[in-house]
Amino acid sequence: MMKKENLRIFVLILSLALLLLGCGRLRELDSLATTPAPIVVDMDGAEESGEDTAEEGLPEELAAMREAEGADALRTPAEDRQDVELVIDGLPARTPVKVKGIYISAYVAGTADLMENVIAEIDRTEANALVIDLKDDYGRVVCEMDAPTVEELGSVKKYIGDIDGLMDTLEEHEIYAIARIPAFRDAWLGEVRPEWCVKRADGSVFLDRDGNAWVNPYKQEAWDYLVEIASGAKKLGFDEVQFDYVRFCTERGMQDCVFDEADTKGRSRTDIILEFMEYAYEKLREEGLFVSADVFGAIINSDLNAENVGQIYGEMAKHLDYISPMIYPSHYADGNYGIDHPDLHPYETVSAALEESRRELYFAGRDGDAVAVVRPWLQDFTASWLENYIPYGPAEVRTQIQALYDTGYDEWLLWDASCHYSWDGLLTPEAAESEAEEIAASRAVLPETTYAEPLSEDSDDGIIDSEEGKPFAEGAAEVSLEGNTEPEE
């Protein structure tokens with residue numbers, strides 16, 4: 001009896017040693033873009049991954065001991081046994097969802113009859129996700145939250161009175177929940193934490209044309225505050241956090257602002273935005289959250305715009321699960337992509353922007369770096385402030401979605417600040433499933449697209465169809481970001 005007990009102890013020690021030796025391989029597995037299903041490990045050492053575990057899948061030493069002692073020799077008593085989820089590299093497993101979503105404000109989310117209408121439309125269409133303000137555009141957290149700094153700063157302004165009830169309803173209807181968190185534009189912090197905010201040379205807090213303060217991205221305290229709010233999203237039941245305004249303000253008044261060398265430490269705007277994104281991603285990934293960010297569409301393949309905003313498209317994509325370029329046709333200047341008035345040509349504008357996205361992310365990931373899934377923001381509003389515009393409705397929404405599919409992408413988000421959406425532009429779930437099968441079949445016969453190296457220092461990277469050998473569209477022209485806006489416009 002004692003001999004058998006000693007054998008059990010030896011096996012448990014051996015199992016632990018083998019697990020530790022395998023950690024290096026597990027880290028490699030975790031770097032894959034798609035997270036595998038959780039591996040469940042019985043206390044007897046058997047791995048379960050949703051299929052029957054074959055005996056030959058055991059380490060040789062354990063298999064031999066099982067054969068000698070009997071299959072039950074390595075088991076603890078039944079009443080003491082439990083299934084244990086093996087977390088790869090210490091990170092919880094996550095299940096990705098192919099998102100087709102819309103944005104709703106905190107006001108809509110907190111108003112029962114409006115939410116009933118939204119959920120009814122989602123139930124009858126292909127839409128399956130909601131992007132909901134958790135921190136609004138003025139810096140207020142929109143529901144009660146167990147977060148020390150949020151409580152200390154009095155950041156809560158309760159638009160959503162029953163957040164638990166809302167999250168339960170979303171889960172009941174299988175709606176993927178994304179918490180939108182505006183990062184560095186924050187009027188509230190301008191009031192309660194001015195020392196965290198961008199300042200002018202005279203020491204006053206910088207305010208944009210709408211009277212909003214902007215957080216100084218070089219302030220580590222602000223990073224921790226944002227991560228705290230994002231962590232609160234996980235506790236509330238959100239599947240993903242989406243950072244908006246992950247950038248510097250682009251208004252002309254920023255030229256009068258100063259940044260202390262003690263904060264900057266020689267780092268550029270793009271340096272610090274990337275550092276924040278990497279910092280936030282590592283923290284939130286550890287909690288099992290997916291992490292995404294909104295970026296200007298104009299930064300794709302544009303060094304000038306990237307430096308102004310602080311966003312480098314390909315580099316940011318290495319520190320995110322999803323990246324959402326705002327490729328609204330109304331936000332491109334006349335002549336961009338060779339299109340006279342982009343708002344008049346939604347298909348061509350979206351196609352051109354996403355071709356540029358494909359090219360830049362190809363080079364970003366060429367050395368083996370994982371890059372984010374692209375999930376663009378599409379336009380479901382009419383840009384009546386433009387001289388040349390068209391009304392946007394169901395047809396224009398569907399046209400943009402088609403352009404997205406035709407350029408090889410699958411996920412999308414619709415934006416309308418008023419939250420009045422063109423639901424008739426969306427398919428039924430059944431029609432969408434049939435469409436997805438047709439898209440998959442058509443893509444299977446397409447020639448492989450490759451990307452040529454620059455021919456010289458003065459030439460652009462070319463996109464070459466390997467069958468035809470013809471370059472695709474030229475890159476986006478440099479455009480001024482002055483007057484461009486985040487999704488809320």
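Note that these values count all heavy atoms, side chains included, but never hydrogens, waters or copies made by symmetry.
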Would you say the side-chain atoms of [X] pair up with the backbone N or O of [Y], donor to acceptor, closer than 3.5 Å?
| X | Y | result |
| --- | --- | --- |
| Ser324 | Arg375 | yes |
| Thr407 | Glu355 | no |
| Tyr409 | Arg358 | yes |
| Glu360 | Gly314 | yes |

[X] with [Y]: basic N within carboxylate O range, under 4.0 Å:
| X | Y | value |
| --- | --- | --- |
| Glu282 | Arg285 | no |
| Asp244 | Lys135 | no |
| Lys100 | Glu126 | yes |
| Lys234 | Asp239 | no |
| Glu228 | Lys235 | no |
| Arg124 | Asp424 | yes |
| Arg140 | Asp186 | no |

[atom1]-[atom2] distance between [X] and [Y], expressed to the nearest 0.5 angstrom:
| X | Y | atom1 | atom2 | result |
| --- | --- | --- | --- | --- |
| Met277 | Ile272 | CE | CD1 | 12.5 Å |
| Ile178 | Glu240 | CD1 | CD | 4.0 Å |
| Leu114 | Cys419 | CG | SG | 9.0 Å |
| Arg247 | Phe184 | CZ | CZ | 11.5 Å |

side-chain hydrogen bond (donor to acceptor under 3.5 Å, both in side chains) between Tyr421 and Glu121: does it pass, once the steps are laid out? CA-CA 10 Å; Tyr421 289 98; Glu121 295 289 1; over 6 Å; no
Is a donor from one side chain sitting under 3.5 angstrom from an acceptor on the other, for Asp133 and Tyr107? no
Angle class for the Tyr176/Phe290 ring planes (parallel below 30°, perpendicular above 60°, tilted otherwise)? tilted
Check the angle between the aromatic planes of Trp223 and Tyr279 and answer parallel, tilted or perpendicular using the 30° and 60° thresholds. tilted
Among Pro391, Ser418, Ser330, whose side chain to side chain contact (heavy atoms under 4.5 Å, CB included) with Phe381 holds? Ser330
